[in-house]
S.K.: 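One structure follows; several queries about it will come next.
Keep in mind the model is a prediction, meaning the values are calculated, not measured. So that the names make sense, note that chain A is the first sequence line, chain B the second, and so on, each numbered from 1.
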Number of protein chains: 2
Amino acid sequence: MSEGRVEFLYQTLKARAVGFEFRPGERINEGMVAKELNASRTPLREAMNRLVAEQLVEFRSGQGFFCRALDPTSIFELYEMRMIIETAAARRACQRATTSDIAALRDQLEADGLTTAGLTIREVVTRDEAFHLGIARLVGNSEVVRHLDRINERIRFIRWVDMGRRVRTTKGEHLKIMEALEARDSERAAAVLKTHVMRRMDEIVAAVREGYSNIFMADPEELFDRLVPDGD
Amino acid sequence: MSEGRVEFLYQTLKARAVGFEFRPGERINEGMVAKELNASRTPLREAMNRLVAEQLVEFRSGQGFFCRALDPTSIFELYEMRMIIETAAARRACQRATTSDIAALRDQLEADGLTTAGLTIREVVTRDEAFHLGIARLVGNSEVVRHLDRINERIRFIRWVDMGRRVRTTKGEHLKIMEALEARDSERAAAVLKTHVMRRMDEIVAAVREGYSNIFMADPEELFDRLVPDGD
DNA sequence: GCATACAGACCTGTATACAGCCCTGCGCAC
DNA sequence: GTGCGCAGGGCTGTATACAGGTCTGTATGC
């Protein structure tokens, strides 16, 4: 808060938008939200406009701000975009990352533990994103990291759902990716990443469907604070 | 204007930011700009916040809005990001674009004429971007188009400089790319695109240097309204 | 029962006011 | 001549007020 009220509102509203605490298509009442966050509408609208530029919120002239839609096509496109950036990043990381930076990524991966047991869905996704951003950082191109981060925000909600849906083999696949990076095997790294990241349209449709049901439940936020399903 | 004052301000300010009509690092005086555009500071700041989210303008709490920096490293990173997206787009276009959509892109390319003679630098870059966005559109993924567009805005100024610097073989390379797309030869399309798009760091440093000298000249805008150098 | 028109409340869009901070420029001391 | 401190102006940050438009809900007619 000391570093700017708009910044605080931006972060708070972003978190809400990312997690679909505003329901898809819902009109966002500036007055109510402003009062709730102890601010006036002026800085709130400034923060909202940033979210509009990030596609986390929609704006219709004369009507105000609305929560973005949640539809399978958009999510699918975002997954593909994510795959494009990540595979390109992995290829470049294999070619130009320093051995010590790669080693640091492995350390980070191992520091997260060998299993996802005992973690909440949210925590697992956070760690997953951190690993993938770590790969992007190996490229040494801040734009790659930034774009990936922006995309992650927009699919994070569905990733929570997805992570809860099935026992993901996240950890094992991360290790495989890590090995490919250490071997500096671009093609293998890209190939493993591709299958690790990408989802089929029918999987996405199912996740979106479940996402909707979560959104309209009583306390949807708690859902993702439960522990991940046991890995076998 | 009818479709929202903020939208109008956003478009106007974006054009200025893209073309470095604000000088790099310059503080943007809200009061002056607002008066100039016949608006109050409230909608102006809303528009500015969108530009902040798009990295076209910087914001420092307590100090206001500043024009973004113009430095070779950022430009280089953006070029690489552009290359990542474009090569991935071309590969996918080869695989999944319909033959008629590809034919439509060729029509667009030929409608632009067989040479860049008689066009201003601005016009050539506009057409160049349109062709590349056309490839991105072949993928059928709106995110790919959007991200490419965002990146293009941030390097457009340097592309103007670059297009004026040397007789670019733009048109010929576009034809080669087009042929690769028609042959659905992913690898060739990606390879040609890569050399067509990418710039070496020393080229970028030179362009940025020239960019600065243009920015601090009397009437920098006219510079890019001159005709492109004769192609031999 | 259903569609339509109207009225009222509500909400958005923008201007403006004002408090507080930042920066500049001047003066003073060294 | 140079560095530091202080005061003033100017700019930013936010709240608030108000005008205009949008939506809702009701009442009326078919």
S.K.: For the pair B:R146 and B:E143, find out whether any cationic side-chain nitrogen is under 4.0 Å from an anionic carboxylate oxygen.
M.R.: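 Judged by the 4.0 Å cut-off on N to carboxylate O distance, B:R146 and B:E143 do form a salt bridge.
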S.K.: Angle between ring planes, A:H132 versus A:H196, binned at 30° and 60°: parallel, tilted or perpendicular?
M.R.: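 Aromatic pair A:H132/A:H196 classed parallel.
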S.K.: If the threshold is 4.0 Å, N to carboxylate O, is there a salt bridge linking B:R68 and B:E153?
M.R.: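 So B:R68 does not pair with B:E153 through a salt bridge.
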S.K.: How about CZ on A:R96, more than 12 heavy atoms from neighbouring residues, nucleotides or ligands closer than 6.0 Å, or not?
M.R.: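 Atom CZ in A:R96 is crowded, with more than 12 foreign heavy atoms closer than 6.0 Å.
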S.K.: A:E7 has an atom CD; how far is it from atom P of D:dT12, in whole Å?
M.R.: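 Going from CD in A:E7 over to P in D:dT12 covers 18 Å.
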S.K.: Using a cutoff of under 3.5 Å, can you pull out all pairs of nitrogen or oxygen atoms linking the protein to nucleotides 6-8 of chain D, with atom names and distances?
M.R.:
none

S.K.: Base, backbone or nothing for each nucleotide of nucleotides 10-16 of chain C, written B, S, -, heavy atoms under 4.0 angstrom, 5' to 3'?
M.R.: -SBBBBB
S.K.: Under 3.5 Å, is there a donor-acceptor pair linking the side chains of A:E54 and A:Y10?
M.R.: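 Their side chains do contain a donor-acceptor pair, which is all the 3.5 Å distance test asks for.
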S.K.: With rounding to the nearest 0.5 Å, note down the distance linking CD in A:E203 to CZ in A:F76.
M.R.: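 CZ of A:F76 is found 10.0 Å from CD of A:E203.
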S.K.: Is the distance between the ring centroids of B:F157 and B:F224 less than 6.0 Å?
M.R.: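 Yes, they do, as the ring centres are separated by less than 6.0 Å.
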S.K.: Check this for me, if you would: do B:E80 and A:R92 make a salt bridge, where the nitrogen-to-carboxylate-oxygen distance has to be below 4.0 angstrom?
M.R.: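 Yes, B:E80 and A:R92 are salt-bridged.
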